[in-house]
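Shown next, in structure tokens, is the structure this report addresses.
In what follows, chains carry the letters A, B, and so on, assigned in the order in which the sequence lines appear, proteins first and then strands, with residues in each chain numbered from 1.
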Protein chains: 2
Amino acid sequence: MTTLAEASLNHPHSSEHDHKKCVSEALDTAEHLCVVRGVQLTPIRHQVLELIWDSHKAVKAYELLDRIKPLQNAAKPATIYRALDFLMEQGLIHRVESLNAFVGCSSSGHQHEQLLLICKHCNEVEERPATEVMQALSQEFDQAGFIVHSKAIEVHGICIKCAALYDDQD
Amino acid sequence: MTTLAEASLNHPHSSEHDHKKCVSEALDTAEHLCVVRGVQLTPIRHQVLELIWDSHKAVKAYELLDRIKPLQNAAKPATIYRALDFLMEQGLIHRVESLNAFVGCSSSGHQHEQLLLICKHCNEVEERPATEVMQALSQEFDQAGFIVHSKAIEVHGICIKCAALYDDQD
DNA sequence: AATCAAATGTTATATTATAACATCCGCTAG
DNA sequence: CTAGCGGATGTTATAATATAACATTTGATT
């Protein structure tokens, strides 16, 4: 049983996985995809992506703005929103609609639209391909005659790690 | 083949179903549920619900504010947001997270969380219970050990009626 | 009549996002 | 080489969405 004090306040489950690996994989993939696609992962865009990957939590645009200012003194809302637009177009991040926030995408390049499990305790977002769910959705669209452009499948609750750490599962 | 001119601009598919019946059913159900639950469907709340049910489109909070002002001269943002909070708590409306907008719930009282199909052409929102999807989701949560509090399953695209009306399906 | 809770009124402000136009910078057609 | 073009960024302003905090009203209960 892990105690609350053992876990960092900002990154509650950080000790439980090699986060540097998450970051380097995400950045490597992003750099590679941008080269292949002939689009520019400029310094600003790269920095925003890195800031987003600081954790597995969904991050607000204005929080990113605050955090990028030491690096980009001239940064304004448009600076961040343009970078976010680019990163979303390239499938490198998810917009979490129900939080107005953004989180790194672990599966850039393959299937981008995934089930997002959003923990209310630690605020981390877990992506799951959820292939059975996606298949059931496809059948539903066919039945409804609906032509899909984009999906947002977001679920809020308590993740397995927090459920183990806390008894109170509001 | 229906032409564009035949359809109302605001309610493109209104001729295709008895919308008065949608509204009266929704309001009757709401009134009944509130009595049963011992909560107050006050005039403001009732008016907001009626305004939302004016169509099957998702409506913005400030649009509701504009539309309620003739009836409630003193209406301010809080007036609307409080009514919306109440209606959501009672499961009488859905918040469409990906639009920051609101739409009436046809199945208040039974299962509230549903698949929402959101048409980019007519802006109408179709609710579907999508039981296979929900079952697949439940299995996914079990596998992930995730304790669900709420779900938002929102899909954007072109509805079957608009697909029939328009060739250009952006 | 006193009091309490729920709803609403009211003012102010926080948060999220975009519009519009200016500038910079690397590339390439002439 | 240089004029011009497109993409990225800088800059200012403002739009759109949402909440906080405190005052007042109202109807039910004691």
Side-chain angles (χ1 to χ4, degrees), chain A residues 30-31 33-35 37-52 57-90 92-103 123 152 154, chain B residues 30-31 33-35 37-52 57-90 92-103 123 152 154:
Chain A
E31 287 160 17
L33 280 177
C34 287
V35 169
R37 293 173 183 170
V39 296
Q40 302 178 51
L41 191 61
T42 60
I44 289 179
R45 291 166 177 177
H46 195 279
Q47 283 165 7
V48 170
L49 186 58
E50 266 190 273
L51 287 174
I52 288 174
K57 299 180 191 178
V59 197
K60 300 277 189 173
Y62 277 72
E63 196 182 325
L64 290 169
L65 180 54
D66 289 341
R67 304 221 312 245
I68 209 175
K69 271 181 178 158
L71 305 167
Q72 296 287 340
N73 209 11
K76 301 271 181 312
T79 315
I80 295 297
Y81 281 105
R82 283 168 182 160
L84 291 171
D85 285 347
F86 172 85
L87 296 170
M88 283 192 292
E89 275 169 18
Q90 299 302 321
L92 301 173
I93 60 174
H94 296 284
R95 181 183 161 82
V96 184
E97 301 289 354
S98 50
L99 294 176
N100 295 332
F102 304 86
V103 72
N123 294 126
E154 303 178 2
Chain B
E31 286 160 17
L33 280 177
C34 288
V35 169
R37 292 172 183 169
V39 295
Q40 300 179 52
L41 190 62
T42 62
I44 289 179
R45 291 166 176 176
H46 194 281
Q47 283 165 8
V48 170
L49 186 58
E50 266 192 273
L51 288 174
I52 288 174
K57 299 180 191 179
V59 196
K60 300 277 190 175
Y62 277 74
E63 197 183 325
L64 291 169
L65 180 54
D66 289 342
R67 303 220 311 246
I68 209 176
K69 271 181 178 159
L71 305 168
Q72 295 288 339
N73 209 13
K76 301 273 180 314
T79 314
I80 296 297
Y81 282 105
R82 284 169 182 157
L84 291 171
D85 285 347
F86 171 85
L87 296 171
M88 282 192 292
E89 275 168 19
Q90 299 302 322
L92 302 173
I93 60 172
H94 296 284
R95 181 184 161 84
V96 184
E97 300 289 353
S98 50
L99 294 176
N100 295 333
F102 304 85
V103 73
N123 294 125
E154 303 178 0

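Within the model, atoms CD of A/E154 and CD of B/E97 stand 7.0 Å from one another, a figure rounded to the nearest 0.5 Å. Considering CD of B/E31 and NE2 of B/H46, their distance stands at 4.0 Å, rounded to 0.5 Å. In this structure, the separation between CZ on B/R45 and CD1 on B/I80 is 12.5 Å, given to the nearest 0.5 Å. With values rounded to the nearest 0.5 angstrom, B/F102 atom CZ is found 10.0 Å from B/L87 atom CG. Rounding to the nearest 0.5 Å gives a distance of 6.5 Å between CZ of A/F86 and CG of A/L92. Within the model, atoms CG of B/L41 and CG of B/L33 stand 10.0 Å from one another, a figure rounded to the nearest 0.5 Å.
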Quiz prompt | Where protein sits on nucleotides 25-30 of chain D, one letter per nucleotide: B base, S sugar-phosphate only, - none, heavy atoms under 4.0 Å | solution = ------
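To the nearest angstrom, C1' of D/dG7 lies 12 Å from CD of A/E89. If you take CD of B/Q90 and P of C/dA6, they are 13 Å apart, rounded to a whole angstrom. Across the protein-nucleic acid pair, B/I80 atom CD1 and D/dT19 atom C1' stand 15 Å apart, rounded to whole Å. For B/M88 and D/dT19, the CE to C1' distance is 13 Å, given to the nearest whole Å. A/Y81 places its OH atom 7 Å from the P atom of C/dT16, with the value rounded to the nearest Å. When rounded to the nearest whole Å, the span between CD of A/E63 and P of C/dA17 equals 13 Å. Residue A/L64 contributes atom CG, which lies 11 Å from atom P of C/dA17 at whole-angstrom precision. Regarding B/Q47, its CD atom lies at a distance of 13 Å from the C1' atom of C/dT8, rounded to whole Å.
Annotation: proximity of residues 94-102 of chain A to DNA chain C (heavy atom, distance under 4.0 Å) is found for A/R95, A/N100, numbered in ascending order.
Side-chain N/O atoms of A/Q40 include one lying less than 4.0 angstrom from OP1 or OP2 on D/dA8. For the pair A/K60 and C/dT15, the criterion of a side-chain N or O lying under 4.0 Å from OP1 or OP2 is not met.
B/E63 meets the salt bridge (Lys or Arg N to Asp or Glu O under 4.0 Å) test with B/R67; sequence neighbours excluded. In this structure A/N100 satisfies the side chain to side chain contact (heavy atoms under 4.5 Å, CB included) test together with A/K60, A/R95, B/N100, sequence neighbours excluded.
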Could you go through nucleotides 9-15 of chain D and list every protein N or O atom that sits under 3.5 Å from one of its N or O atoms, giving the distance for each pair?
{"unit_1": "D/dT9", "atom_1": "OP1", "unit_2": "A/T42", "atom_2": "OG1", "d": "2.6"}
{"unit_1": "D/dG10", "atom_1": "N7", "unit_2": "A/R82", "atom_2": "NH1", "d": "2.9"}
{"unit_1": "D/dG10", "atom_1": "O6", "unit_2": "A/R82", "atom_2": "NH2", "d": "2.4"}

Below 3.5 Å, can you tabulate the donor-acceptor pairs from side chains in residues 72-79 of chain B to any protein atom, sequence neighbours excluded?
{"unit_1": "B/Q72", "atom_1": "NE2", "unit_2": "B/Q47", "atom_2": "OE1", "d": "3.1"}
{"unit_1": "B/K76", "atom_1": "NZ", "unit_2": "B/A74", "atom_2": "O", "d": "3.2"}
{"unit_1": "B/T79", "atom_1": "OG1", "unit_2": "B/K76", "atom_2": "N", "d": "2.8"}
{"unit_1": "B/T79", "atom_1": "OG1", "unit_2": "B/K76", "atom_2": "O", "d": "3.1"}

Quiz prompt | side chain to side chain contact (heavy atoms under 4.5 Å, CB included) assessment of A/L51 paired with A/V59 | solution = CA-CA 9 Å; A/L51 287 174; A/V59 197; over 6 Å; no
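A heavy-atom distance below 4.5 Å is not found between the side chains of B/I93 and B/V48.
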